[in-house]
Amino acid sequence: MKKNWKLFLFIGIILLALILSSVISSLAERVPQNDISVTGNTAGNLNNHGLYAESNGKVYFSNSYDNGCLYSMNLDETQIKKLTTSPVNSINVGGNFLYYYMDSSGARTGLGYVIRTYGVYRSKLDGSRLKCLDRNAAVTMQLSGDYIYYQRYNNQDFTKFYKVKTDKSECVQVSDLIINPACCYNGTIYFNGTEKDHYLYALDTRTDTVSTIYEGNLWYPVYAGGYIYYMDVSSNYRLCRYSLTANTVEVLTNDRVDTFNVGDSYIYYQRNSSTEPALMRMWLDGSNPEVVAAGNYENINLTSTYAYFNAFGADVPVYHTPVNGPVNVSSFTAAMEAAVP
């Protein structure tokens, strides 16, 4: 009888330990709810492949010197740490989690080089507890509240507009339309039409209903300070901004623009020119344009400290300049040094 009692006690302890372990694991996997106003990254960054995202004094970035693997660093580019072993883009951050598209097919070494894994992923801010939310290709993705909205692609359905909940409890198709979710503010996604027109539309993520905002001819809308900044398709892709309150349009530059990004003080844009191509910047109202770097550049990503970019068609070197201070272009050497084994 005494031996049976000890056996029952031992079994009870084991069961209790298993229950506690299950509860702790469940709590660790739990994703707290986000406020509807939470947005994962800026439209300007996401329209430039979402290679940098900033939150609470940290920058999370795709390190081109290490094949695009995910890294973190301080705003001043110190304490750089590697978080993944596979390339990422469309980086979003919300609360204590990172969300991004990861595709190991770009990895040069390791298991990912042999076996491709790809999809929409979530991880903790330190890269731990990696979890796949949807094993499909995603073109552009944006965190809005508790959902990731993204252009989902596979060989059967081709490109459709989807959303997946941050805890993976829900994954549904939102629309047949090809919607770019990059531009999001306070739970509203602003996007341009792609089929019948290039009007400005708004998708309310509370109800997933769409309304027409402005019957213009625009591309790559970016929300900032009550304005929608965009490329004017009908006028040689010049940069304009539309006031959501006054319903007025301002022309910011007559330069043909390849890509752009909007910061707190400056608009950075690539001027398309056969004779004088250049990365430019100007104030938000279009005044005081100045050359940042002569030549053709792409992947313009902004943080509160630096503007990052690279020459067209060449992932490295990566250049940066103070985003608001005097122009001072130099190579992002800290990222290169951190990538050295």
Side-chain angles (χ1 to χ4, degrees), residues 39-65 70-80 89-93 142 182-185 220-231 239 241 252-253 255 257-271 277-312 315-338:
T39 301
N41 204 343
T42 65
N45 282 354
L46 291 174
N47 285 335
N48 285 273
H49 299 117
L51 304 181
Y52 292 75
E54 179 180 335
S55 178
N56 295 324
K58 286 285 186 180
V59 174
Y60 304 90
F61 69 102
S62 175
N63 192 346
S64 297
Y65 291 101
L70 181 64
Y71 280 64
S72 68
M73 65 180 174
N74 294 332
L75 294 175
D76 62 359
E77 300 178 346
T78 59
Q79 296 186 6
I80 300 181
N89 58 54
S90 219
I91 303 169
N92 284 251
V93 56
Q142 172 69 279
C183 182
C184 184
Y185 175 72
Y220 279 172
V222 172
Y223 176 91
Y227 290 95
I228 296 292
Y229 295 78
Y230 64 92
M231 296 158 64
L239 270 181
R241 68 177 183 180
L252 304 178
T253 178
D255 289 337
V257 173
D258 289 332
T259 186
F260 73 101
N261 201 331
V262 181
D264 293 333
S265 301
Y266 287 98
I267 303 170
Y268 283 76
Y269 66 97
Q270 174 61 37
R271 180 175 66 194
L279 177 64
M280 305 286 296
R281 75 176 186 182
M282 60 186 173
W283 295 114
L284 297 181
D285 62 1
S287 62
N288 299 318
E290 61 180 325
V291 174
V292 176
N296 290 296
Y297 298 90
E298 62 181 348
N299 297 326
I300 307 168
N301 278 243
L302 307 182
T303 69
S304 60
T305 308
Y306 288 104
Y308 296 90
F309 52 95
N310 56 268
F312 182 80
D315 292 338
V316 294
V318 178
Y319 300 103
H320 65 181
T321 185
V323 70
N324 292 324
V327 172
N328 182 19
V329 177
S330 60
S331 295
F332 184 14
T333 55
M336 179 178 63
E337 292 168 354

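In this chain, residues are counted from 1 in sequence order. As the structure is a computational prediction, the values presented were derived from the model and not from experiment.
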Does any N or O in the side chain of Tyr220 come within less than 3.5 Å of the main-chain N or O of Cys183, such that one atom is a donor and the other an acceptor?
no

Is there a side-chain contact between Tyr269 and Val292, using heavy atoms and a 4.5 Å cut-off?
no

Rounded to the nearest 0.5 Å, how far apart are CD1 of Ile91 and OG of Ser55?
12.5 Å

What's the spacing between Thr253 OG1 and Arg271 CZ if we round to 0.5 Å?
8.0 Å

Begin from the C-alpha positions of Arg241 and Tyr230 and carry the test side chain to side chain contact (heavy atoms under 4.5 Å, CB included) through to its verdict.
CA-CA 6 Å; Arg241 68 177 183 180; Tyr230 64 92; 5.6 Å; no

Between Phe260 and Tyr229, what is the shortest heavy-atom contact and its length?
CZ-O, 3.8 Å

With no hydrogens and no angle check, do the side chains of Asn261 and Asn45 hold a donor and an acceptor under 3.5 Å apart?
yes

Does the side chain of Val291 come within less than 4.5 Å of Leu279's, by heavy atoms?
no

Can you measure from CE (Met282) to OG (Ser287) and round to the nearest 0.5 angstrom?
9.0 Å

Closest non-hydrogen atoms of Ser331 and Pro317, given as atom of the first, atom of the second and distance, are OG-CB, 4.3 Å

Which atom of Gly50 lies closest to which atom of Asn301, heavy atoms considered
C-OD1, 3.9 Å

How close do Val318 and Ser64 get, counting heavy atoms only, and between which atoms?
CG2-CB, 3.9 Å

For the residue pair Phe309 and Glu298, establish whether any side-chain heavy-atom pair is separated by less than 4.5 Å.
no

Can you tell me how far CZ of Arg281 sits from CG of Leu302, rounded to the nearest 0.5 angstrom?
10.5 Å

For side chain to side chain contact (heavy atoms under 4.5 Å, CB included), just list the numbers for Ser265 and Trp283, CA-CA rounded to whole Å, side-chain angles, deciding distance to a tenth of an Å, and then say yes or no.
CA-CA 6 Å; Ser265 301; Trp283 295 114; 3.9 Å; yes

Ser304-Glu54 side chain donor-acceptor pair, cut-off 3.5 Å:
yes

Within a strict 4.5 Å, meaning less than it, do heavy atoms of the Gln142 and Asn92 side chains meet?
yes

Between Tyr223 and Tyr185, does the ring centre distance come in under 6.0 Å?
yes

Hey, could you give me the OG1/CG distance between Thr305 and Leu75, rounded to the nearest 0.5 Å?
4.5 Å

Using only heavy-atom distances, determine whether the side chains of Asn299 and Asn310 contain a donor-acceptor pair under 3.5 Å.
yes

Show your reasoning for whether side chain to side chain contact (heavy atoms under 4.5 Å, CB included) applies to Tyr297 and Phe312.
CA-CA 5 Å; Tyr297 298 90; Phe312 182 80; over 6 Å; no

I want to check something: taking the side chain as every heavy atom from C-beta on, are Phe61 and Ile80 in contact at a cut-off of under 4.5 Å?
yes

A side-chain contact here means heavy atoms from C-beta on lying under 4.5 Å apart; do Tyr60 and Met73 qualify?
no

Under the side chain to side chain contact (heavy atoms under 4.5 Å, CB included) rule, what do Leu284 and Ile267 come out as? Steps first, then yes or no, please.
CA-CA 6 Å; Leu284 297 181; Ile267 303 170; 3.8 Å; yes

Least distance between heavy atoms, Ala278 atom then Ala294 atom:
CB-CA, 4.1 Å

Is there a donor-acceptor pair under 3.5 Å between the side chain of Tyr268 and the backbone N or O of Val323?
yes

With a cut-off of 6.0 Å (strictly less than), are more than 12 heavy atoms of other residues, nucleotides or ligands near CG of Asp76?
yes

Please find the pair of heavy atoms, one from Ala53 and one from Asn41, that lie closest to each other, and give the distance.
CB-ND2, 3.5 Å

Hey, are the side chains of Asn296 and Gln270 touching, using non-hydrogen atoms and a 4.5 Å cut-off?
yes

How long is the straight-line distance from CG of Asn48 back to OH of Tyr308, given to the nearest 0.5 Å?
14.5 Å

Side chains of Ser90 and His49: donor-acceptor distance under 3.5 Å anywhere?
no

Contact between Val222 and Ile228 at the side-chain level, heavy atoms closer than 4.5 Å - yes or no?
no

